[in-house]
*Asks:* 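Got a structure for you, written out below as structure tokens; questions coming shortly.
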Amino acid sequence: QVRLVQSGGGLVQPGGSLRLSCTASGRMFNIMGWYRQVPGKQRELVAAISSGGSTNYRDSVKGRFTISRDNAKSTMYLQMNSLKPEDTGVYYCNVESRDGFGEYGYWGQGTQVTVSS
């Protein structure tokens, strides 16, 4: 049985920082990542990381966000620096299932990130 528990998020001013965490249980995962969603819009990939440490970032967050994972703790992190209002949304942890990653994977409960003055 796969269970994903997220923590972090909150309200910050533009230029501030937040760190999100996602702890997975059930089995080891090859691909883990973060998506975000605004009400009425489709979820979009923010960043992803493989078990070997290979990473991929959405262009709009490159140089500001860093994705990492601690395999011993089965935990993934997203360090978000220099936050902008456009980063606002609900952030979801995602891990691959037997059918694939993303829409075919498993989702965390989501956490709100709001960037506003």
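Here the structure is a predicted model, which means the values were calculated and not measured.
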*Asks:* Any donor-acceptor pair under 3.5 Å linking the side chain of R64 with the backbone of S82?
*Replies:* yes
*Asks:* Which distance, rounded to the nearest 0.5 Å, do you find between the CD of E103 and the CZ of R43?
*Replies:* 11.0 Å
*Asks:* Please check this pair: side chain of Y57 against backbone of I67, looking for a donor-acceptor N/O pair closer than 3.5 Å.
*Replies:* yes
*Asks:* Can you tell if the side chain of T66 reaches within under 4.5 Å of the side chain of M80, non-hydrogen atoms only?
*Replies:* no
*Asks:* If I take atom CE from residue M28 and atom OG from residue S74, how far apart are they, to the nearest 0.5 angstrom?
*Replies:* 6.0 Å
*Asks:* Think R69 forms a cation-pi with Y77, using NZ or CZ under 6.0 Å from the six-ring centre and within 45 degrees of its axis?
*Replies:* no
*Asks:* So does I31 get a backbone contact from the side chain of E96, meaning a donor-acceptor N/O pair under 3.5 Å?
*Replies:* yes
*Asks:* Please answer: with hydrophobic residues joined when any side-chain heavy atoms are less than 4.5 Å apart, are L78 and V12 in the same cluster?
*Replies:* yes
*Asks:* Determine whether T88 and V38 make a side-chain contact, defined as any pair of heavy atoms from C-beta on separated by less than 4.5 Å.
*Replies:* no
*Asks:* Between D70 and T75, does any side-chain donor sit less than 3.5 Å from a side-chain acceptor?
*Replies:* no
*Asks:* Counting only heavy atoms not in K62, do more than 12 fall under 6.0 Å of its NZ?
*Replies:* yes
*Asks:* Anything under 30° is parallel, anything over 60° is perpendicular, the rest tilted; go ahead and classify F101 against Y35.
*Replies:* tilted
*Asks:* Looking only at non-hydrogen atoms, find the nearest pair between Y92 and Q109 and report the distance.
*Replies:* CE2-O, 3.9 Å
*Asks:* Going from NZ on K73 to OG1 on T23, what distance comes out if it is rounded to the nearest 0.5 angstrom?
*Replies:* 9.0 Å
*Asks:* Tell me if a side-chain donor or acceptor on Q6 pairs with a main-chain N or O of Y91 at a distance below 3.5 Å.
*Replies:* yes
*Asks:* Distance check, rounded to the nearest 0.5 Å: L18 atom CG versus N81 atom CG?
*Replies:* 9.5 Å
*Asks:* Between W34 and R58, is there a cation-pi geometry (under 6.0 Å to ring centre, at most 45° from the normal)?
*Replies:* no
*Asks:* Is the closest side-chain heavy-atom distance between P14 and K84 below 4.5 Å?
*Replies:* no
*Asks:* Can you measure from OG (S17) to CD (Q79) and round to the nearest 0.5 angstrom?
*Replies:* 6.0 Å
*Asks:* Got a donor-acceptor contact below 3.5 angstrom from the N94 side chain to the G33 backbone?
*Replies:* no
*Asks:* Taking all atoms of both residues into account, what is the closest heavy-atom pair of L45 and A47, and its distance?
*Replies:* CD1-O, 3.6 Å
*Asks:* Got a second to check how far F29's CZ is from L4's CG, nearest 0.5 Å?
*Replies:* 6.0 Å
*Asks:* Please report, to 0.1 Å, the donor-acceptor pairs under 3.5 Å made by any side chain of residues 110-117, with sequence neighbours excluded.
*Replies:*
{"from": "T111", "atom 1": "OG1", "to": "G8", "atom 2": "O", "distance (Å)": "2.9"}
{"from": "Q112", "atom 1": "NE2", "to": "T114", "atom 2": "OG1", "distance (Å)": "3.2"}

*Asks:* Looking only at heavy atoms, which two atoms of S60 and E86 are closest? And how far apart?
*Replies:* CB-OE2, 4.4 Å
